[in-house]
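If you read the sequence from its start, that first residue is 1, and numbering goes on from there.
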Amino acid sequence: MATRTYTLKAATATPVPRIDYAQLLNEEQLLAVEAGEGPVLVIAGAGSGKTRTLTFRVARLLERGIPPEGVLLLTFTNKAAREMTRRVEELAGGFADVSKLLGGTFHHAAHMLLRQHAGAIGFSRDFTVLDREDARDLMSSCIAERKLPRERRFPKAEVVLDLVSMAANLQVSVAEALVERRPQFLPLAEEVLAVSRRFAERKARMHLMDFDDLLVMLKRLLVENSIIRAQLVDRFHCVLVDEYQDTNRLQGDLVDLLVGERRNLTVVGDDCQSIYSFRGADFTNIIDFPKRYPGCGIFPLTRNYRSTPEILRLANASISLNQRQFPKQLISSRTPGPVPVLVPTLDVDQQAAFVAQRVLELREGGMPLEQMAVLYRAHSHSIELQLELTRRGIPFRVRSGVRFFEQVHVKDVLAYLRLVGNPRDELALKRVVKLVPGIGPAKAEALWEALLALPPELTLVEALARPELQAEVPRKAAPGFGRLIRLLERLGTPGSTLTPGRMIQDILEGGYGEYLRTEFPEEERREDDIRQLAEFAGRFEDLPRFLSEIALVAEFSAREATGEAPDESLTLSTVHQSKGLEWQAVFVISLAEGRFPLPGAARTPDEEEEERRLFYVAATRAKDELALSYPISAVLRGGERAILRLSRFIEELPVGEEAPYDRLILETRTAQDGS
């Protein structure tokens, strides 16, 4: 009879969670956090605790035994990465070394991985990362190499970089991006493509990568080297992605490659807040996630901790009209508050007066300016409001930008007008001539000195055409200088009936529009700013009155810049720049067709749905009070008044007893009325 040994093992207790998730999370958040392995899609509605849910899920995965070095957490900003890592450390630091977790932006993670594996794609592991300025300098060098003729303005390095970047992130060729995004440069396509190829060649030769290359090269590594890809898939037991609705095609591909067959992926985002297609964000990444990952768990977060029920009622009514979405109704955890108001105004001036007065009333009622914001579709829609706030001494900040009249391109156009009004304006002349290709600061100074030496009775156009002055113009600058003279001749014709608005339009059409298209990336929409400036200027009958009004703002800004910073400021922001933020009171202005949505921004059903999502984002920034305003009429560039149509995003909301807003009718009272 044989004798065998049987080993008794110690009983293994079921792991008890170290964190009381049920106590700290609501029911929907808890379901998302406790979801098992495999693909998980968390649809996090506005104000529903997205960051809280994601960080608790990371902590829960660590608690289940996934090693910290096996976690990849991808975010869109370094600030978000630091905040999430800090929160995970607070939750799980007692039982896991969170410092070993790889968390950060897509570019940070790619950089870390390429430092280990760049040799597999022919790069030194000591490759250099180019910042935007270095990349621009290298692109400028590639353009200079071509020795291009000066007759046709070639796009600046920044613009070509923007084109190359867009192609990389959309995963298309530079030629395709040129056709889709910059068709005005198609006559120069051969040279643009040659410059982009040379840019890539020089980076590769010197072992340089720009920010886009970090993602492009990581994808190339994962696609071309199956061994390294398998190693990375094996390393990352789980991948988590924040703000998934903002990912572009390249980022979406990278996530899929890093997840691999393991499919242990958690993505968090809100399809109803996908508003960045102009930057290359691909809405299909989130909306088609269940198709790419069949059987995925879908966990909606609908409990909103930010806005009152009244505000959410309006937001829900609006976004419900979108067809391509994961349907949900946000539910407020707040007590009831004021009903949103719809405020029709006679024009943009009355709209500005209403906002300014209401801001002061709220301030007097105890609400800090820091807790108020004015949102608009385009930065140029704040012109009249900035003037009104300046007149009333209400301090304000323009989020992620400078005040409208302090922007470089606006000051350029105003320099033309100042020169027409005062031909002896030295600063205006130098600024205008430096916009001519081939004329720099030294030549601008020489031209001014030559101008001073001419008889003072000459008109500006006569003086600029004199041989003594023409001799100072470099040969390569002659065509552009000739165009400048012809433009100034038209603008300053004696007895001209041109209004300031028409003059600005002539400046745009006389070469400055082409300058903007070749100097600046498309997404900055500087040409739209100038067209809006022309519309604003159209209400002034003569140039001196217009320039005097602008000088008021300049003087106020100068005083503010040299004085002490205000304790608090009202925030002015485009809706795009407001995403992720919140205020107690929000004003959404210029809700008229052609302004929200912008002309041409809603040509297709998909574009219209993105514009509606933008309106939804604007409404859900408000915590307590929401005011929606629109001008009934506008003064066009020719001086005539046109009737504006209410934005479709307001018109389509329920009416009558079901309307999610109250209509506020403005009354105008004089001092004699006792107001």
Do you see a donor-acceptor pair shorter than 3.5 Å between the side chains of Arg303 and Asn26? no
How close do Ala46 and Arg621 get, heavy atom to heavy atom, and via which atoms? CB-NH2, 4.0 Å
So, the side chain of Gln386 versus the backbone of Ile383: is there a donor-acceptor pair under 3.5 Å, distance only? no
Measuring centre to centre across the rings, with the benzene-like ring taken for any Trp, is His409 within less than 6.0 Å of Tyr515? no
Residues Ala619 and Leu626: closest non-hydrogen pair is CB-CD2, 4.0 Å
Grab the two heavy atoms, one from Arg612 and one from Ser318, that are nearest each other, plus how far apart they are. CD-O, 3.2 Å
Between Pro631 and Ser590 the two heavy atoms that sit nearest each other are CD-CA, 3.8 Å
Side-chain donor or acceptor of Arg399 paired with backbone N/O of Gln577 under 3.5 Å: yes
Taking Arg132 first and then Asp137, would you say they form a salt bridge - that is, a charged N and a carboxylate O separated by under 4.0 Å? no
Cationic tip of Arg613 within the cone over Phe283's six-membered ring, i.e. under 6.0 Å and within 45° of the normal? yes
For Thr308 and Asp624, work out which heavy atoms get closest and say how close. CG2-CA, 4.1 Å
Can you confirm if the aromatic rings of Phe649 and Tyr616 lie within a centre distance of less than 6.0 Å? no
Residues that Glu609 engages under salt bridge (Lys or Arg N to Asp or Glu O under 4.0 Å), provided they are two or more places apart: none
Thinking salt bridges, do Arg86 and Glu83 make one under a 4.0 Å N-O criterion? yes
